[in-house]
Amino acid sequence: MKEKIIKLLEESTALCRAEGLFEVKSLPFIELEVTRDETHGDYASNVAMVIASQARKNPRAIAQAIVAKLKDDGGLLSRVEIAGPGFINFFVREERWRGLLLEIERLQERYGTLAIGTGRKVQVEFVSANPTGPLHIGHARGAVTGDVIANILRASGHDVVKEYYINDVGNQMRTLGRSVYLRYREALGEAIDFPSDHYQGDYIAELAREILSRDGERYLGKPEDEILPFFTAYAAGSIMQGIKDDLAAFGVLFDCYFSEGKLYENDGVMKLLGELQEKGHVYKEGDTLWFRSTAFGDEKDRVVIRDTGTPTYFAADIAYHKNKFDRGFDTVIDVWGADHHGYIPRLKASIEALGGNREALRIILVQLVSLLRDGKPVAMSTRAGEYVTLRQVIDEVGKDAARYNFLMRRSDSQLDFDLELAKRQSNENPVYYVQYAHARISSITRMAAERGMDVPSGENAEINLLKLPEEIQLIKAVIRYPEVIEGAAKALEPHRVTFFLNELAGIFHSYYNKNRVITDDAALSRARLFLVSTIGQVLRNALGVLGVSAPEKM
RNA sequence: GCCCCCUUAGCUCAGAAGGAUAGAGCAACGGAUUCCUAAUCCGUGUGCCCCGUGUUCGAAUCACGGAGGGGGCACCA
């Protein structure tokens with residue numbers, strides 16, 4: 001709908017310009033916005049005012065000219081008005097709105113899938129928590145944000161891969177293995193002075209007991225160097241499996257798990273640094289190798305190989321992102337906790353240094369979640385073993401409510417998550433408001449079926465009977481869904497879908513309370529049944545994008 | 001000290017790429033159920049859009065300066 005009007009405007013302004021009604025260097029990008037006030041029509045455009053300021057003419061006169069040249073052959077509009085300082089307000093014919101319901105019927109679960117991303121490969125990398133402990137609530141927000149961004153991009157036609165980067169190399173992994181090993185010895189009766197910089201959580205001791213009951217005492221008395229790799233691998237594998245299970249329970253499924261270790265195979269990281277060296281972007285200082293990231297806008301150069309000869313995490317990350325682009329992704333999206341923002345310049349610098357386009361990497365920063373219990377802050381630390389796990393949140397608050405909760409806010413705004421509140425308010429959570437709308441529609445459909453009335457096809461429903469103001473309002477709201485997906489995809493903002501759902505559900509609830517769908521009037525009942533079934537379809541589609549269920553009953 | 005994010009109603013937050021009179025939910029108060037699910041609906045009101053200057057036909061939105069809150073400034077990952 002929006003596009004059609006924009007097209008009309010484009011043709012008309014071009015025509016006016018060709019006839020010399022005004023002079024501009026170039027025609028402006030046509031903006032058309034959904035009006036806030038219905039007396040301003042359905043859509044409004046400010047083109048005339050934009051042209052006017054360039055051409056130094058009266059905006060209303062220009063608007064007048066543009067309107068006169070509009071060629072609405074398709075009979076889309078009932079009225080076009082010029083208002084205020086020079087807005088052009090468009091009133092769409094009611095039957096054109098109704099007609100769009102047939103699109104929903106035609107496309108069903110594909111309604112709201114677009115082609116704007118066709119042919120574009122996108123990777124979304126998120127969560128990527130170290131396999132050193134179970135996921136906690138802090139990871140949950142990033143998980144949902146990344147998951148839904150990927151879903152939205154997929155809906156808009158992009159070829160999307162969801163990826164999890166496993167940091168299975170380095171000190172933390174060694175510490176993990178050693179933590180389990182010490183607990184193992186402890187379980188065998190040895191008095192251990194457990195180091196405070198090791199992982200304290202109960203799951204460590206559990207893993208130790210698991211190994212003990214499986215393999216017995218055979219690791220006792222052997223040199224640490226020899227058996228630590230086993231403990232590390234066992235712990236990481238087991239924890240990673242737990243993470244995957246938790247994510248699955250949270251509705252997050254990855255297409256690809258990428259191991260950091262893989263980057264080191266065949267000297268991959270070293271070869272990459274060699275490539276940077278050839279291009280003159282690294283230099284040596286003593287035994288340390290530096291990447292000249294300041295040449296690409298970073299505030300200081302960064303170490304890539306320590307004086308001990310081992311590469312830094314950053315070196316591996318350069319290789320990782322190189323690898324991503326080598327896999328053919330047009331756009332790479334990383335979802336990070338906001339505390340990593342200082343890392344962006346150096347990573348983008350590395351992409352540019354390797355001849356890539358820094359804009360092809362988009363970083364979504366998710367502000368950290370401060371966890372509260374009854375209004376009081378709860379400290380969280382994986383190492384200290386103090387945290388609320390994602391699993392607990394799923395069990396206590398529920399997957400749907402938890403996901404929806406995170407999706408109601410822009411990801412760059414800080415968020416307090418109060419456990420007690422989340423539990424206590426679970427019945428007032430907005431997610432139920434939306435789900436309830438869907439359940440109600442299902443209930444109507446069931447009731448109709450009991451009375452021998454199936455949801456009619458659009459052809460068999462006399463949709464021109466849908467002429468109440470609230471019906472038109474409902475139709476206008478529901479058919480905006482594809483535009484919402486488009487906007488959310490371009491801005492990478494999942495919360496737009498959530499707000500759309502709240503609004504649509506609200507309009508539906510209001511309609512439901514005021515009007516009956518199933519009445520004695522068979523024709524009207526069919527029309528309304530058709531209407532609400534399209535609402536149900538769109539609710540399902542949008543909830544699906546959010547990874548929230550659409551129940552038939554509540 | 002430098003850098004990033006945030007600041008809109010009592011609270012939690014939107015504000016759709018500069019537009020017309022600033023919006024929801026929660027909380028408060030009053031009402032609606034013989035009828036498709038009351039996890040619903042209807043009504044009642046509140047704003048120095050953090051402050052200042054600027055840009056322009058027009059600013060919550062853009063620029064600059066400042067204030068408050070959060071985060072970051074590793075040869076950790």
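As a basis for the values below, the full set of heavy atoms in this structure was taken, side chains included, without hydrogen atoms, waters or symmetry mates. Per chain, numbering begins at 1; letters A, B, ... match sequence-line order. On a predicted model such as this, the values are computed, not experimentally measured, just so you know.
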What nucleotide among B/A14, B/C36, B/C5 has an atom nearest to a side-chain atom of A/His495? B/A14

A/Glu33 side-chain proximity, nearest of B/G19, B/C75, B/C35: B/G19

Quick note, A/Lys300 side chain, CB onward, closest among B/A74, B/G69, B/A16 is B/A74

Please tell me which of A/Asn515 and A/Arg409 maps to the more 5' nucleotide of RNA chain B, matching each residue to the nucleotide holding its nearest heavy atom. A/Arg409

Is the shortest distance from a Lys or Arg side-chain nitrogen in A/Glu125 or A/Lys324 to a carboxylate oxygen in the other one below 4.0 Å? yes

A/Gly506 or A/Val169: which one's nearest nucleotide on RNA chain B is closer to the 5' end? A/Gly506

Hey, does A/Tyr512 reach any base, or is it just sugar-phosphate, or nothing, if we go heavy atoms under 4.0 Å? base

What parts of residues 339-346 of chain A reach RNA chain B, counting only heavy atoms under 4.0 Å away? A/Asp339, A/His340, A/His341, A/Tyr343

Mind checking which stems touch RNA chain B? I mean at least 3 consecutive Watson-Crick or G-U pairs, both distances under 3.5 Å. B:1-7 with B:67-73, B:10-13 with B:23-26, B:28-32 with B:40-44, B:50-54 with B:62-66

Would you say the base of B/A20 stacks on A/Phe87 (centre-to-centre below 5.5 Å, plane angle below 30°)? yes

Electrostatic pair A/Arg528:A/Glu471 at N-O distance under 4.0 angstrom: yes

Indicate, yes or no, whether a donor-acceptor pair under 3.5 Å links the base of B/A20 to the side chain of A/Asn89. yes

Does any N or O donor sit under 3.5 Å from an N or O acceptor when you compare the side chain of A/Gln367 with the base of B/G71? no

Whether the A/Asp400 and A/Tyr432 side chains hold a donor-acceptor pair (N or O, under 3.5 Å, no angle test) is what I'd like checked. no

Just checking A/Lys553: base, sugar-phosphate only, or nothing, at a heavy-atom cut-off of under 4.0 Å? base

Regarding the side chain of A/Phe499, the nearest nucleotide among B/A14, B/A77, B/G70 is B/A14

Plane angle bin for A/Phe499 and A/His495 - parallel if under 30°, tilted between 30 and 60°, otherwise perpendicular: perpendicular

Nearest-nucleotide pick for A/Gln414, side chain only, options being B/G70, B/C41, B/C36: B/G70

Hey, are A/Glu493 and A/Arg410 close enough for a salt bridge, meaning a charged N less than 4.0 Å from a carboxylate O? no

